[in-house]
> 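I'd like to ask some things about the structure below.
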Amino acid sequence: MRHVFSPSDMGIPSGRYRIYLVCVKMATARWTSPLELKDLLKTTVHRKCEFPASAYFRASEEMERNYITKLAASRGLDSTGLSHKHVVPSGNRKRAKMFVELAKQKLGPLASGGVPDACCDLMQYPSRSQLSRTSPALTQRNIVYSLKKGRPMIALERLGAMGLPILSFEPDLIDRYPFTVPIESILEESEIEKMMGNGMHAAAVGVIILASLANVSILHDAD
């Protein structure tokens, strides 16, 4: 069985459509649900997305400052007094303004300041890119930009948009699991960026696995 599934189908603001395959070895197991995988997911986990991708933009001011400092250093700039708009290339800043105007025409309601709460990919021209309240699929090259926040996602936020738990945003997890190490203490930002690609969304993968296991029966006489 196979089904094209996205986290947005389960109420998560991430547009990452992928083909999921579920294979059952008939000699040892049986698919017990009367429903095909796509119908099973539609009746059990399908949810309307009720919050926008700006929820992924959770970095603290200190994290943002570190991001700007590293980005400025990579371009030979002094980071003193710089903000996101200074380190984002001028061409991308122009696209961001074009996306804002386009969003005002197509989306609503407006966020504070009159800017729609939507995301876009600054590596695409507005006429070709999808403007949505969900995050586009993340790659090493795209720049996911929040019109409401007025800045791009930093590396840790991009991992969060992939469905991975980011301990820096969830300090209670560190207290609960003392042997867990924040990923940013192990990897540089550039290394985290390289983890982006044609991968599955972690939460969506978990849902598919659980739905499959719950509807597969192992034959008693199987070895």
> Any chance CD of Glu36 has more than 12 other-residue heavy atoms, nucleotides or ligands included, within less than 6.0 Å?
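No, the 6.0 Å shell around CD holds no more than 12 heavy atoms from other groups.
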
> Checking one residue: Tyr17. Which other hydrophobic residues are in its cluster under the side-chain 4.5 Å linking rule?
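Under the 4.5 Å side-chain rule, Tyr17 groups with Val4, Ile19, Leu21.
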
> With a 4.5 Å cut-off on side-chain heavy atoms, are Pro13 and Pro52 touching?
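Pro52 does not reach Pro13 side chain to side chain.
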
> Quick one: are Arg16 and Met162 in side-chain contact, heavy atoms under 4.5 Å?
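Counting from C-beta outward, Arg16 and Met162 do come under 4.5 Å.
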
> I'd like to check Ser14 versus Thr134 (side-chain heavy atoms, cut-off strictly below 4.5 Å). Are they in contact?
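Contact flag for Ser14/Thr134 side chains = no.
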
> Check the pair Cys120 / Leu147 against side chain to side chain contact (heavy atoms under 4.5 Å, CB included), numbers first and verdict last.
CA-CA 8 Å; Cys120 62; Leu147 304 185; 4.0 Å; yes

> Check whether any side-chain heavy atom of Leu210 lies under 4.5 Å from a side-chain heavy atom of Val207, and answer yes or no.
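Side-chain contact under 4.5 Å: no.
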
> Please check this pair: side chain of Ser212 against backbone of Val22, looking for a donor-acceptor N/O pair closer than 3.5 Å.
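No, because the side chain of Ser212 does not come within donor-acceptor range (under 3.5 Å) of the backbone of Val22.
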
> Would you say Asp117's side chain and Lys148's backbone share a donor-acceptor pair under 3.5 angstrom?
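Not confirmed, Asp117 side chain does not pair with Lys148 backbone.
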
> Hey, what do you get for CD (Glu61) to CG (Asn66), rounding to the nearest 0.5 Å?
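Rounded to the nearest 0.5 Å, the CD-CG separation comes out at 12.0 Å.
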
> Just so I know, are the side chains of Val216 and Arg30 near enough to count as touching, which here means a heavy-atom distance under 4.5 Å?
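No; the side chains remain at least 4.5 Å from each other.
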
> From Leu164 CG over to Leu159 CG, what is the distance, rounded to the nearest 0.5 angstrom?
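Result: 5.5 Å between the selected atoms.
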
> Check whether Met10 and Leu35 end up in the same hydrophobic cluster, where Ile, Leu, Val, Met, Phe, Trp and Tyr are linked by side-chain heavy atoms less than 4.5 Å apart.
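Both belong to a single hydrophobic cluster.
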
> Mind checking whether Val45 and Asp9 have side chains closer than 4.5 Å, heavy atoms only?
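Answer no - side chains too far apart.
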
> Tell me, do Met153 and Ser135 make a side-chain contact under 4.5 Å, heavy atoms counted?
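In contact.
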
> Taking only residues at least two apart or on different chains, which pairs with a member in residues 152-169 satisfy salt bridge (Lys or Arg N to Asp or Glu O under 4.0 Å)?
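Non-adjacent pairs meeting salt bridge (Lys or Arg N to Asp or Glu O under 4.0 Å): Arg151-Glu157, Arg158-Glu193.
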
> For Gly163 and Ala202, work out which heavy atoms get closest and say how close.
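Looking at all heavy atoms of both residues, the closest pair is O-CB, 3.5 Å.
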
> Looking at every heavy atom in both Leu122 and Asn92, which two are closest together, and how far apart are they?
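Heavy-atom minimum between the residues: O-OD1, 3.2 Å.
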
> How long is the straight-line distance from NE2 of His3 back to CZ of Arg18, given to the nearest 0.5 Å?
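One gets 14.5 Å once the value is rounded to the nearest 0.5 Å.
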
> Roughly how far apart are Lys42 NZ and Phe5 CZ, rounded to 0.5 Å?
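Separation between the atoms: 11.0 Å.
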
> Could you tell me if the side chain of Val144 sits less than 4.5 Å from the side chain of Pro152, heavy atoms only?
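The answer is no; the side chains never approach within 4.5 Å.
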
> Rounded to the nearest 0.5 Å, how far does NE2 of His201 lie from CG of Leu138?
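These two atoms lie 9.0 Å from each other.
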
> A cation-pi test, strictly: NZ or CZ of Arg2 under 6.0 Å from the centre of the six-membered ring of Tyr20 and no more than 45 degrees from its axis. Yes or no?
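No - Arg2 does not lie over the ring of Tyr20 by the 6.0 Å and 45° rule.
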
